[in-house]
Amino acid sequence: QVHLVESGGGLVQAGGSLRLSCVDSGGDSARSTMGWFRQAPGKEREFVAAINWVGWRTQYGDSVKGRFTISRDSGENTVHLHMNNLKPQDTAVYYCAAGPATRDWSAMDEYEYWGQGTRVTVSS
């Protein structure tokens with residue numbers, strides 16, 4: 001069973017950093033691709049980053065490349081999203097997802113399990 005719980009969101013000034021965490025309390029996501037998506041008010045959910053189950057392959061959305069880093073600690077069933085140089089346009093609810101994601105890591109329908117989200121607000 002996979003049960004994802006995000007944490008680490010909050011309010012930060014532009015240029016600051018945050019680290020989001022996603023814990024799989026069910027423990028069955030070890031062989032899943034793990035992804036982060038975000039949804040800003042009034043906008044569609046968009047892909048942020050993903051990492052394969054081994055942890056050596058990553059992919060990022062264009063708007064976060066060079067600023068965000070995804071990592072995973074398989075022993076702890078945890079995935080992190082390290083966010084640096086945050087901008088007001090990064091303000092959104094961030095969701096963790098897990099799934100086979102065998103074709104397109106940026107597609108929402110590649111992921112079977114979703115967390116409830118954690119809110120990030122970046123002030124200017």
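Just so you know, these numbers use all the heavy atoms, side chains as well, and skip hydrogens, waters and symmetry mates.
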Identify all side-chain donor-acceptor contacts of residues 3-14 below 3.5 Å with residues at least two apart in sequence or on another chain.
{"unit_1": "Glu6", "atom_1": "OE1", "unit_2": "Gln116", "atom_2": "N", "d": "3.1"}
{"unit_1": "Glu6", "atom_1": "OE1", "unit_2": "Gly117", "atom_2": "N", "d": "2.9"}
{"unit_1": "Glu6", "atom_1": "OE2", "unit_2": "Cys96", "atom_2": "N", "d": "2.8"}
{"unit_1": "Glu6", "atom_1": "OE2", "unit_2": "Gly117", "atom_2": "N", "d": "3.2"}

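- Salt-bridge formation is not detected for the pair Lys87/Asp90: no Lys NZ or Arg NE/NH1/NH2 atom is positioned less than 4.0 Å from an Asp or Glu carboxylate oxygen.
- For the pair Arg72 and Trp53, the cation-pi criterion (under 6.0 Å, within 45° of the ring axis) is not fulfilled.
- Minimum interatomic distance between Ala92 and Ala40 (heavy atoms only, all atoms of both residues): CB-N, 3.8 Å.
- Evaluation of the salt bridge (charged side-chain N to carboxylate O under 4.0 Å, His left out) rule for Glu46 yields Arg38 as partners, not counting sequence neighbours.
- Under the rule for a ring-ring contact (aromatic ring centres under 6.0 Å, His included), Phe68 has no partner lying at least two apart in sequence or in another chain.
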### Task
Let me see the working for Met83 and Leu20 under side chain to side chain contact (heavy atoms under 4.5 Å, CB included), right down to the final yes or no.
CA-CA 8 Å; Met83 308 186 295; Leu20 305 184; 3.8 Å; yes
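- For residues 108-123, the set of pairs meeting the salt bridge (Lys or Arg N to Asp or Glu O under 4.0 Å) definition, not counting sequence neighbours, comprises Arg103-Glu110.
- Between Val122 and Thr91, the shortest heavy-atom contact is N-OG1, 2.9 Å.
- Taking the six-membered ring for Trp, Tyr95 and Phe37 have ring centres at least 6.0 Å apart.
- Taking both residues in full, the closest heavy atoms of Tyr111 and Ala50 are given as OH-CB, 3.5 Å, listed atom of the first, atom of the second, then distance.
- Listed by chain and residue number, Ile51, Tyr60, Ile70 satisfy the side-chain contact (heavy atoms from CB on, under 4.5 Å) test with Thr58 (two or more places apart in sequence, or in another chain).
- Note that CG of Asn85 is 6.0 Å distant from CZ of Arg67, once rounded to the nearest 0.5 Å.
- Here the closest non-hydrogen pair linking Phe47 and Gly61 is CE2-N, 3.6 Å.
- With hydrogens and angles left out, the side-chain atoms of Asp73 and Thr78 include no donor and acceptor closer than 3.5 Å.
- Contact check for Met34 versus Trp105: no side-chain heavy atoms found under the 4.5 Å cut-off.
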### Task
Decide side chain to side chain contact (heavy atoms under 4.5 Å, CB included) for Gln59 and Ser106; before the verdict, give the C-alpha distance in whole Å, the side-chain angles of both, and the deciding distance to 0.1 Å.
CA-CA 8 Å; Gln59 182 178 332; Ser106 66; 4.2 Å; yes
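- Closest of all the heavy-atom pairs between Ala49 and Leu81 is CB-CD1, 4.1 Å.
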### CA sep, side-chain torsions, deciding dist, call: Val93, Thr118, side chain to side chain contact (heavy atoms under 4.5 Å, CB included)
CA-CA 5 Å; Val93 176; Thr118 184; over 6 Å; no
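- With 3.5 Å as the limit, one finds a donor-acceptor pair spanning the side chains of Ser71 and His82.
- Under the rule for a salt bridge (charged side-chain N to carboxylate O under 4.0 Å, His left out), Arg57 has no partner lying at least two apart in sequence or in another chain.
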